[in-house]
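A short worksheet on the structure shown next.
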Amino acid sequence: MRFIYKSKKKKGTPKPVPVAKLVWPQPPQRPRVRYVGEITSVEQFQGQQKKRGWMDRVAGVKEANAQTHLLKPYGVAADSRGRVYVADGANRLVFVFDQTNRKVEYRGHRAPAQMALPVGVAVDDRDRLFVSDSYFHQVNCFSPEGELLGVFGGDQLARAAGVAV
């Protein structure tokens, strides 16, 4: 069982809180958000996390594929199939974490749907993905299979950010 240590205002050792009990808002109100886990990299998600050697870290050797770690995650959404979409502006794409199949896919990494600064993500009731690109001032729409269905915004949007369906 994992614990997160909650600091107390009094001096002394913090009391451990089981991760399964992390909810918001706190009781007596009805909880609406519950902590279920974290994703930091593709390898960690797929259970293949390997450590780099100390010599590589000291020498500053970069990893072969920069798209294996979430660098600047911003928007997060989930669909009815249990996939979690994370917009990452530093990687210039959207990570698709398929929890059922333990696979990772990407959106916006190939033309014609390349993105420069994906910020917001939303999923509709047909599992179509909408991604706002703040740099290109547009919103991209993807099918559940990852096919680009359309792009809108352009001249009408100044700095596309959050998106909701």
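Bear in mind the structure is a predicted one, so any value in this text is a computation, not a measurement.
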* **Close side-chain approach of R32 and W24, heavy atoms under 4.5 Å** => yes
* Does a sphere of radius 6.0 Å around CZ in R92 hold more than 12 heavy atoms from other residues, nucleotides or ligands, not counting ones at 6.0 Å or beyond? -> no
* Give the intermediate values and the outcome of side-chain contact (heavy atoms from CB on, under 4.5 Å) for residues E105 and D98. => CA-CA 8 Å; E105 297 176 353; D98 185 344; 5.7 Å; no
* Smallest separation among heavy atoms of V94 and A87, with atom names -> CG2-CA, 4.1 Å
* Asked: Does L149 belong to the same Ile/Leu/Val/Met/Phe/Trp/Tyr cluster as F130, with side-chain heavy atoms less than 4.5 Å apart forming each link?
  -> no
* Distance-minimising heavy-atom pair for P144 and R83 -> O-NH1, 3.0 Å
* What about Y85 and F95, are their ring centers closer than 6.0 Å? -> no
* Asked: Should we count CZ of R81 as having more than 12 external heavy atoms under 6.0 Å?
  -> yes
* If you look at every heavy atom in A90 and L71, which pair is closest and at what distance? -> CB-CB, 3.6 Å
* Asked: From Y74 OH over to D88 CG, what is the distance, rounded to the nearest 0.5 angstrom?
  -> 13.0 Å
* Asked: Got a donor-acceptor contact below 3.5 angstrom from the D124 side chain to the R126 backbone?
  -> yes
* Structure fact -> Of all heavy-atom pairs linking Q99 and R102, the shortest is O-CD, 3.5 Å
* Asked: Same hydrophobic cluster for L70 and M115, using side-chain heavy-atom links shorter than 4.5 Å among ILVMFWY?
  -> no
* Partners passing side chain to side chain donor-acceptor pair (under 3.5 Å) against R159 (at least two apart in sequence or in another chain) -> S134
* **Minimum heavy-atom distance between A122 and A77, given as atom pair plus value** => CA-CB, 4.2 Å
* Rounded to the nearest 0.5 Å, how far does OH of Y135 lie from CG of L117? -> 10.0 Å
* Tell me whether L93 is reachable from V76 by hopping between hydrophobic residues (I, L, V, M, F, W, Y) whose side-chain heavy atoms are closer than 4.5 Å. => yes
* Working to the nearest 0.5 Å, report the span between SG of C141 and CD of E147. => 10.0 Å
* Within 6.0 Å of CZ in F97, more than 12 heavy atoms from elsewhere -> yes
* Would you say V123 and V151 are hydrophobically clustered, going by side-chain heavy atoms of ILVMFWY under 4.5 Å? -> yes
* **Nearest-0.5 Å distance, CG of residue N140 to CD of residue Q114** => 11.0 Å
* side-chain contact (heavy atoms from CB on, under 4.5 Å) evaluation trace for V86 with V121 -> CA-CA 7 Å; V86 181; V121 291; over 6 Å; no
* Structure fact -> d(D127 CG, E145 CD) to nearest 0.5 Å is 9.0 Å
* To do: Write down the atom of L157, the atom of Q138, and the distance for their closest heavy-atom approach.
  => CD1-CA, 4.2 Å
* **Check against side-chain contact (heavy atoms from CB on, under 4.5 Å), V163 and V131** => CA-CA 7 Å; V163 61; V131 183; over 6 Å; no
